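All ligand and atom numbering here is 1-based and tracks the order in the structure. What you are looking at is a predicted structure, and each value in this text was computed from that prediction instead of being measured.
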Amino acid sequence: MIHTTMWTYPWDVLDEGVDRVLDFLAEEVGLDAISLSTVYHTYDQLRTHLPGKKLFSGYEDAIYFQPQSELYQGTKLKPHVHPMAKGLDPLRIIADACRRRGLELISWTVPLHNHYMARQHPDCALLGAFGDRYPGCLCPANPEVREYVRALSVDLAINHDVQMIEYESLHYMGFGMFRNHAKVGVELGAVGSLLMSLCFCVGCRQRAANRGVDAAELKDQVEKWLLDLFEEGPPVHSVEEFVAAEPLLGEYVQMRADAVTSLAAEVKEAVKIPVSFLYMGNYYNNGIDRKAIEQIVDWVNVLCYSGSPAEASQRAQETLADMADPSMLVCGLNGHRPIASAEQMRDIIAAVYEAGARRFSYYNYGMISRRNLRWIAAAIAAVRTRDAGGVP
Ligand SMILES: [Zn+2]
């Protein structure tokens, strides 16, 4: 049995017409669910099939529903509600329309990649080895951040009729999540990226101290490594070799992974509905310990974006090979470029299906053309036929 969803923006649904869009996605594209952005970062979006004007910008990271304020009475961070959600509640309107159609509603939730909150509360942002606050990156070890993410998650789960919460950015954001044009003129390599990604905020230092790890000693060493790397370039060692040779660094990296894993466990415990974790990044830059995360959440989403069926399939196979429970996998598939034909769209999902994936998430309704939406519909129909034992 396969399961299909599509990442979808609430502004596209509202502006094109709730009934029109959801009827199309449910009946013509044949989706089981939509993954609706409810907590989202900034964007400038070209909307090719919206009548009239085509460009839409979200200038601040925001939520797209009306929060239950009591849930945030004790939190330092407060939800920043997008103006479109102040007079009406997009999530409630769309949830009602999904329920009427039997369409599952997934909350696509981006909690920690947030420039607005990191600017409002710099003490909650990642703090690099040189003392820089990283824009757009809330630290998952910060207790105030964790409290906010829990409240936000509970709000979504109990008040908004979503059947699953999918988290994107429930981890360290790494180095380089810039909003402006990035000006980085040195090669960092994998080791430099790891060292620049390390956070030495109060929350991280406290977690390190709890494990008997001297964060101050490590921070001094990281500064030296980085200053040397800026001059001489990255070391020849792989990041795995580098970390294995430095026990203090290895402990700190493990501390970060535990901060992420425990946050996933806390939200899973709090929401009491299925949870999906979107993998972006890796253990060394982002603190994602896949095996530990997969012990906690219900689904994990891996982006298999490619124009090549073989390449998409390879990504799915590599992921599945490391999973204790392969049925947890959701494959993210691109509906946008470089897909250039109906056959290509069909062959990619077929290849990923052959690799063992049964859940698929397409990117993304408002961005792609009507033509590509029709190709997705045909690709889904073909893989359903194959799944039912017929000839696609
Ligand atoms: Zn931190």
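Annotation: side chain of W108 is not in contact with side chain of I34 (no heavy-atom distance under 4.5 Å).
The aromatic rings of Y40 and Y43 sit tilted, their planes meeting at an angle between 30° and 60°.
For the pair R346 and W375, the cation-pi criterion (under 6.0 Å, within 45° of the ring axis) is not fulfilled.
Between R150 and D155 no salt bridge is recorded (no basic side-chain N to carboxylate O distance below 4.0 Å).
Around the Zn ion (ligand 1), the protein contributes the following N, O or S atoms at distances under 2.8 Å: C139 SG, C199 SG, C201 SG, C204 SG.
With hydrogens and angles disregarded, no donor-acceptor distance shorter than 3.5 Å links the side chain of R290 to the backbone of M323. Using modelled atom types, one side-chain atom of R315 and one backbone atom of Y305 make a donor-acceptor pair closer than 3.5 Å.
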